[in-house]
Every structure is written in C-alpha cells, then in structure tokens.
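Numbers here simply count residues along the sequence, with the first being 1.
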Amino acid sequence: MTPSALTVTVNGVERPLAEPVSVAALVTELLADDAGTPVAPPVGGAPDGDAAGAHAPTGDAPNGVAVAVDDAIVPRGLWGSTLVRAGARVEVVTAVQGG
C-alpha cells in the first residue's frame, strides 16, 4: 500500500503537495493555472534572510493579490521565505475591477 498524497487546501480545494513550497511559488503556480500561461514570479524575500525583494526586480509581483496561510496574512515581502506545508489552509485573493 502506498502512502496517501500530502495535500494543502487552497481556497477550499485540496491540492497535492509533494514538499513544502514557498507562498511565492504557490501564487505563481495558481496564477499560471488561472491564465493558462506562466507568469513572472512574485517578488519575495531572499531565502538567506536578506531584505525583502533585495535581489528581485521590482514590478514582478502581481498587483491586487493577498495571501493568508492558516488565517494569518502573509506580507508580500515574506512570500519567498514563507513555506506552505502539508495540511495548511491557504486563501489567495485577487482583486478584480468592475462594478
């Protein structure tokens, strides 16, 4: 018998998770899924603890996107260094213009 796949719940839908992934990588994957094409990765803090976005070009982060992991909002500057682990509940919200 094989072990069951690890999952993470994103916007109420379970998704497989092979290993912990950064919030930045998850948002990039989700936006690519929605658009059908890859998007530029969001700006995040460097894994070695440098200042947020110090080594990333500006303008890569999608505007109008907010993320919460287990009911805690993750500031955009921490997306690259915040890991989403199996069993986490993630909410990704995108703003849409209209009326």
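P75 pairs by the side-chain contact (heavy atoms from CB on, under 4.5 Å) definition with L78, not counting sequence neighbours. The side-chain contact (heavy atoms from CB on, under 4.5 Å) search around A86 returns L6, L17, not counting sequence neighbours. For E19, the side-chain contact (heavy atoms from CB on, under 4.5 Å) test picks out no residue, with sequence neighbours left out. For R89, the side chain to side chain donor-acceptor pair (under 3.5 Å) criterion is met by D71, not counting sequence neighbours.
Only one option out of L30, V27, V69, V23 pairs with V90 in a side-chain contact (heavy atoms from CB on, under 4.5 Å); it is V69.
The number of heavy-atom neighbours closer than 6.0 Å to CG of L83, taken from other residues, nucleotides and ligands shown, is above 12.
With values rounded to the nearest 0.5 angstrom, N11 atom CG is found 8.5 Å from T94 atom OG1. With values rounded to the nearest 0.5 angstrom, E91 atom CD is found 9.0 Å from T9 atom OG1.
Residues R15 and V10 come closest through the heavy atom pair CD-CG2, 3.6 Å. The two residues G80 and S22 come nearest to each other via the heavy atoms O-CB, 3.6 Å. The nearest pair of heavy atoms linking V74 to W79 is O-NE1, 3.1 Å.
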